[in-house]
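To keep things clear, I will list the structure first and then write my remarks on it.
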Amino acid sequence: RNGENCFEGTLKIVDSVFAIQYIGADMPANANVNWVKKSSFYKEYTPVGDSMWFCTKENITAELELSEGMMRTLGFIVRKTTSYKDIVVNDKDFKKDVVVEDSAAHAGEDFWKNARHEELSESEKGIYKMYDSLENNLAYKRLKRLGNIFVTGGYKFGPIEIGPYWNAYSNNQIEGNRFQFTMGTTPKLFKDLYLNGYIAYGVGDNRFKYYANAFWLIKRAPRMFINFAYTRDIDYTVNYYDKVGFNNIISIAIRKKGIPLKFVFADDVRFEFYNEFFSGFSQQLTVYRKIYDPYDPLPSSEVFRDVNGAPSQTVTATEVNLRLRYAYKERFLNGNYFRFSMGSKYPIVDLRIAMGLKNVFNSDYEYQRITLTISDNWRIPPLGQLYLNVFMGKYFGTLPYPLLEQHPGNEFYYYNKYSFNMMNQYEFLSDQFFGANLEHSMGGGFLKYIPLVKKLKFRQFWTAKGVIGTLSDANRAYNFDKGFTFRSLEGNPYIEVGTGIENILKVFRIDFVWRLTPKALPNETMNRHFGILGSMKLAF
């Protein structure tokens, strides 16, 4: 059908052995793929030995454009050609991971003259010359610098970077007007050591806040690093994978109305050691001490007792945390210091084991915690893609609410994939829980059958999230009826479902979310049954 995400082309098969000799195809012009106007590829195969055929040359070409129709702007033609020769069949070597050394990016022209299987064509040589001339063009360099500042939020000059700019000013009920200055180093100063931090000041509470971090990348492949961080600042303390930070000007406009901010002032010192193997197995050891000092409307730390039985001025915890993660053949987009996960075709397993140490660095609590997360993405053509995240955990010990599981709520109009979007923060506490997060991206779905709507390339999806939890009698008595309405999910799980449209103007997404259970409290004025949330997502 016109507009389907498929290729059409030619396949040549050697009729004597039924081996593929050549395949070449083009993507239809109306396919629902962002930023790509045209795309084509071909592969050539030649015999190796008596019975095996191997791909000796492959090429993919795509014409990219940032906008369509009457508003066409900048465009690119991207071409990648790969050739292979001197092929030796060896199953053990073929299964090994390919590691690209840092020196590969700095090979000179003499190396490439000898290493290339084919000499560059005149048009390919022209591309090198064009790129070199652009790098020396002042207008292009200025545009490139402005684009980098807009996307990353920071400005680099020599060995120092400043920003991001969106954290320079924010406003909240505790600090009033908050001003923040952030600075870090660049690879021009230290290639494998990244130092960064900020200093902030709140006019309302007349208080300075600090953050300092030292990240040392010991080895890049497989990855190994040491990280030391000190934070003295306001903290949400709720743990989840993705959120909109409170200390930026954007958060002022997208907070849900009528929900008070729930802050904890934290003094956090931590040390981290990370080690990874080529197999995808990694371990991270974290040792930290954290002091929690809650703000109203959360219960004051004075409702708890210290080791001597006196009211606590703060909640202090010292913890040793071991994280074991297995992500087979996970791919990354690498920067100089940090990297961004591109996911894996296989399930990702994340196990965390923690132990609280009493009387160590003035810690008041002894406890143990174990959590497990398993996530996976399945491509199910022609029905799109399915994401599933199953998570569970258990706490051992009688603990104050900052050290228990505070199920992650979302108090913004910005949709958060990894939180419960119709739940408030600190609404539910658990010391034992099990939940799941499901999202099914359907591609064009039913919209691709509507002629005029199909041209807009909208995409459909549906979501379902749920969690069930329990809280021991000791933890109920320690945290409930202390001036804040904490709730438990025992016998009444939290469930929300949603649907919506994404790929609006290629980047925007609208979610319609319904909270099924549990019901909101009788005195709540907010509509907790249905919400409309927006977000942005860059995807092909």
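We use all heavy atoms of the structure for the numbers below, so side chains are in, but hydrogens, waters and symmetry mates are not.
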Does [X] have its ring centroid less than 6.0 Å away from the ring centroid of [Y]?
X	Y	answer
Y494	F420	yes
F228	F271	no
F332	F340	no
Y155	F157	yes

More than 12 foreign heavy atoms under 6.0 Å from [atom1] of [X]: is that the case here?
X	atom1	answer
R339	CZ	yes
M392	CE	yes
R116	CZ	yes
F273	CZ	yes
W53	CH2	yes

Which atoms form the tightest heavy-atom contact between [X] and [Y], and what is the distance?
X	Y	result
K465	Y418	NZ-N, 4.3 Å
S133	M130	OG-O, 2.6 Å
F150	W166	O-CZ3, 4.2 Å
I348	A327	CG1-CB, 3.8 Å
S419	P408	CB-O, 3.5 Å
P28	C6	CD-O, 2.8 Å

Side chains of [X] and [Y]: do they bring a donor and an acceptor to under 3.5 Å?
X	Y	value
W378	D376	yes
Y194	E161	yes
Y395	E405	yes

_side chain to side chain contact (heavy atoms under 4.5 Å, CB included) between T286 and R323, intermediate numbers included_ = CA-CA 8 Å; T286 303; R323 179 185 183 185; over 6 Å; no

*Output all residues satisfying side chain to side chain contact (heavy atoms under 4.5 Å, CB included) with T517, sequence neighbours left out; order by chain, then residue number.*
N492, I495

State, with a plain yes or no, whether a side-chain heavy atom of [X] is found less than 4.5 Å away from one of [Y].
X	Y	value
N59	T61	yes
H407	M423	yes
R331	S344	no
I162	T182	no
N389	T373	yes
M442	L383	no
V390	L372	no
S282	Q284	no

*Please list all pairs passing the salt bridge (Lys or Arg N to Asp or Glu O under 4.0 Å) test where one or both residues lie in residues 9-26, with sequence neighbours left out.*
none

*Could you give all pairs that pass the salt bridge (Lys or Arg N to Asp or Glu O under 4.0 Å) test and reach residues 140-156, with sequence neighbours left out?*
E135-K144

Salt bridge present between [X] and [Y] (N-O < 4.0 angstrom):
X	Y	answer
E502	R459	no
K85	E118	no
K125	E119	yes
R369	E319	yes
D192	R220	yes

Both conditions, 6.0 Å and 45 degrees, for the charged tip of [X] above the ring of [Y]: are they met here?
X	Y	result
R325	Y274	no
K394	F396	yes
K417	Y387	yes

*Could you go step by step and tell me if N421 and D511 meet the side chain to side chain donor-acceptor pair (under 3.5 Å) rule?*
CA-CA 10 Å; N421 289 278; D511 283 77; over 6 Å; no

State the [atom1]-[atom2] distance between [X] and [Y], to the nearest 0.5 angstrom.
X	Y	atom1	atom2	answer
N34	K457	CG	NZ	7.0 Å
F412	S535	CZ	OG	14.0 Å
L195	Y337	CG	OH	8.0 Å
L447	Q460	CG	CD	4.0 Å
S375	F391	OG	CZ	11.5 Å
E276	R223	CD	CZ	8.0 Å

*Over 60° means perpendicular and under 30° means parallel, so classify the ring planes of F512 and W514, tilted if in between.*
tilted

*Quick one: sort the F281 and Y326 rings into parallel, tilted or perpendicular, breaks at 30° and 60°.*
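Aromatic pair F281/Y326 classed tilted.
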
Taking [X] for its side chain and [Y] for its backbone only, find out whether a donor-acceptor pair lies under 3.5 Å.
X	Y	value
N148	T152	no
E411	Q425	yes
S121	E124	yes

_Verdict with supporting geometry, S341 and E330, side chain to side chain donor-acceptor pair (under 3.5 Å)_ = CA-CA 7 Å; S341 174; E330 184 177 19; 2.5 Å; yes

*Decide ring pair (Phe, Tyr, Trp, His ring centres under 6.0 Å) for F215 and F338; before the verdict, give the C-alpha distance in whole Å, the side-chain angles of both, and the deciding distance to 0.1 Å.*
CA-CA 10 Å; F215 175 86; F338 304 107; 4.7 Å; yes

_Trace of the side chain to side chain contact (heavy atoms under 4.5 Å, CB included) decision for L351 with T371_ = CA-CA 6 Å; L351 174 66; T371 59; over 6 Å; no

*Verdict with supporting geometry, T463 and E496, side chain to side chain contact (heavy atoms under 4.5 Å, CB included)*: CA-CA 8 Å; T463 61; E496 70 178 29; over 6 Å; no

*Can you check side chain to side chain contact (heavy atoms under 4.5 Å, CB included) on V467 and L489, steps first, answer last?*
CA-CA 8 Å; V467 60; L489 291 170; 3.7 Å; yes

